[in-house]
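Atoms within each ligand, like the ligands themselves, are counted from 1 in listed order.
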Amino acid sequence: MCETKKLSILGSTGSIGTQALDVCDKRGYEVVALTANSNVELLEKQIRKYKPSMAALVDEKAAAELKKRVSDTKTRILSGLEGVCECSMAKEADTVLNSIVGMAGLEPTLAAIKSKKKIALANKETLVAGGRLVTKTAEEYGVSILPVDSEHSAIFQCLESMNKKEELKSIILTASGGPFFGKTAEELKNVTVKEALKHPNWSMGAKITIDSATMMNKGLELIEAVWLFDVKPCDVDIVVHRESIVHSLIEYVDNSVIAQLGVPDMRIPIQYALTYPERFPSPVRKLSLSEFSTLSFYKPDYKTFRCINICRNAIEKGGLYPAIANGANERANELFRQGKIGFLEIAQLVEAAVNNGKSKEDYGLSDVLEADRNARLYVSEAVGIF
Ligand code: NDP
Ligand code: MG
């Protein structure tokens with residue numbers, strides 16, 4: 001594997017996408033394809049700056065508008081999921097950075113794998129729902145999936161000191177605890193969307209920020225770790241670390257623990273996914289440990305933040321259960337952001353969807369998509385909102 005030179009960025013208008021472009025500026029990578037959902041304004045700016053050979057918007061109307069606006073450029077404008085998949089397969093790209101939010105990223109990830117691109121993966125829902133389908137396809141095509149998620153990048157970096165797989169005892173994911181750390185279920189009953197969107201340490205897209213507040217994000221990351229590092233769910237532990245300085249740890253059989261630290265800035269994991277196995281200076285501030293008088297660690301409150309164990313249960317059950325948990329959460333998260341359900345209902349709905357969902361051990365893309373659709377429908381029907 002060698003450093004990225006030409007990049008296709010899926011979800012380029014989002015929090016990770018824009019930070020990835022910043023890394024490209026600093027490293028001098030060529031951007032050959034860009035995609036978003038409907039943000040015409042920002043994608044136009046990015047097209048004018050990066051001059052990619054193609055760009056896509058999922059939304060057809062927005063794509064037509066973009067096409068008009070950039071008709072003076074050489075960029076080919078595509079639309080729909082097929083347009084995004086085409087950008088994912090762009091001939092000139094050596095690497096695809098997938099920073100689409102949600103399950104919508106699954107088919108573009110598979111398309112990139114089948115085109116033998118190196119994958120820098122921020123879109124965790126892809127691995128959670130696609131699970132074995134994604135890892136098996138990557139194996140089959142000899143493609144590496146490099147984690148962008150900060151915890152998984154940390155583990156990936158820690159694992160570089162490992163000699164043999166048998167030496168690894170456990171993976172320890174750190175969690176910030178989100179804006180509601182220390183609160184009781186009673187206190188969480190009536191929290192508002194605005195309160196849930198106030199993350200203490202990271203500035204991220206709305207969906208993942210709500211997932212951090214419910215700690216569903218950590219549940220999804222547990223499943224992501226199982227697939228990325230081929231470990232058992234019971235070997236993944238979670239610890240709340242309020243400062244988000246220790247990004248995750250691994251424990252060896254001799255009880256030696258290795259951690260990766262840094263200031264909370266996604267440009268470190270983004271850059272490392274693109275430069276691996278090499279390292280280069282980054283625009284990120286240096287970590288000065290003496291600025292912190294303490295680094296704190298706590299056991300998660302599993303009773304109040306139920307989503308973590310709902311995800312653990314889903315991956316232990318295996319099959320399509322993680323796809324069901326993810327699909328139900330995407331819908332419940334959306335309904336909460338729209339002010340249509342309460343905060344605590346998110347976990348209740350995800351749990352009910354997992355308990356009522358149908359699974360099978362051997363699954364293909366159509367099974368994953370169906371499980372996702374049914375889980376969303378289950379949530380919509382449960383609350384009577386379509
Ligand atoms: P944002 O909401 O900020 O950005 C999402 C991007 O995906 C935008 O470009 C958006 O386009 C595009 N998009 C939205 N819906 C669709 C769709 N249906 N089909 C195709 N593209 C779509 O999200 P984040 O950048 O915060 O997160 C992206 C991914 O990275 C998520 O999976 C998240 O879990 C993961 N991640 C994020 C971190 C962060 O710090 N933000 C940290 C670790 C992981 P448009 O602008 O047009 O809506
Ligand atoms: Mg993370």
Do the charged groups of [X] and [Y] touch, with an N to O distance under 4.0 Å?
X	Y	value
Lys340	Glu345	no
Lys218	Glu151	yes
Arg48	Asp72	yes
Lys49	Glu44	no

Next item on the list: Step through the shown structure and confirm whether more than 12 heavy atoms of other residues, nucleotides or ligands are within 6.0 Å of NZ on Lys317.
Entry: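 Yes, the 6.0 Å shell around NZ holds more than 12 heavy atoms from other groups.
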
Next item on the list: Count the heavy atoms belonging to other residues, nucleotides or ligands that lie under 6.0 Å from CG of Asn190, then report whether that count exceeds 12.
Entry: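 Check fails, neighbour count at 12 or below.
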
Note to self: Angle at the Mg ion (ligand 2), OE1 of Glu151 to OD1 of Asp149, rounded to 10 degrees, please.
What the structure shows: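 About 100°, to the nearest ten degrees.
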
Any idea which protein heavy atom is nearest [atom], and the distance to it?
atom	value
atom 32 (O) of ligand 1	Glu125 OE1, 2.7 Å
atom 33 (C) of ligand 1	Ile208 CD1, 3.9 Å
atom 44 (C) of ligand 1	Asp149 OD1, 3.6 Å
atom 6 (C) of ligand 1	Ser99 O, 3.6 Å
atom 5 (C) of ligand 1	Val101 CG1, 3.7 Å
atom 47 (O) of ligand 1	Ser38 N, 2.7 Å
atom 45 (P) of ligand 1	Thr13 OG1, 3.4 Å
atom 38 (C) of ligand 1	Ile16 CD1, 3.4 Å

Under 4.0 Å from any heavy atom of [X], which atoms of ligand 1 are there?
X	answer
Val58	19 (N), 20 (C)
Gly14	1 (P), 3 (O), 4 (O), 8 (C), 9 (O), 25 (O)
Met266	40 (O), 42 (C), 43 (C)
Ser12	9 (O)

Of [options], which has the heavy atom at the shortest distance from [atom]?
atom	options	value
atom 29 (C) of ligand 1	Asn98, Thr18, Ile100, Leu220	Ile100
atom 41 (N) of ligand 1	Ser15, Gly11, Gly17	Ser15
atom 18 (N) of ligand 1	Ala104, Ala122, Ala20	Ala104
atom 14 (C) of ligand 1	Asn37, Thr209, Thr35	Asn37

Within a strict 4.5 Å, meaning less than it, do heavy atoms of the [X] and [Y] side chains meet?
X	Y	result
Thr95	Leu274	yes
Lys118	Ile145	no
Phe180	Glu195	yes
Lys169	Asp235	no

Note to self: We want to know whether Glu3 and Tyr276 form a side-chain donor-acceptor pair, criterion being a heavy-atom distance below 3.5 angstrom.
What the structure shows: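 No, Tyr276 and Glu3 have no side-chain donor paired with an acceptor closer than 3.5 Å.
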
Notebook entry, point to check: Looking only at side chains, do Asn39 and Thr13 share a donor and an acceptor under 3.5 Å apart?
Noted result: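 Side-chain D/A pair, Asn39 to Thr13: absent.
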
Margin query: Check for me, please, whether Ile16 and Leu121 land in the same ILVMFWY cluster - side-chain distances under 4.5 Å, paths through other members count.
Written below: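 In one cluster: no.
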
Next item on the list: Determine whether any heavy atom of Lys207 lies closer than 4.0 Å to an atom of ligand 1.
Entry: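 For ligand 1, residue contact (heavy atoms, under 4.0 Å) with Lys207 is absent.
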
Next item on the list: Have a look at Glu221 and say which of its N, O or S atoms is nearest the Mg ion (ligand 2).
Entry: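 So the atom name we want here is OE2.
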
Checklist line | N/O separation below 3.5 Å, Asn39 to ligand 1 | finding: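 The answer is yes, given that Asn39 and ligand 1 share an N or O pair closer than 3.5 Å.
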
Check: How does Lys124 reach ligand 1, by side chain, by backbone, by both or by neither, if only non-hydrogen atoms under 4.0 Å count?
Finding: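 It is both parts that get close, each with some atom under 4.0 Å.
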
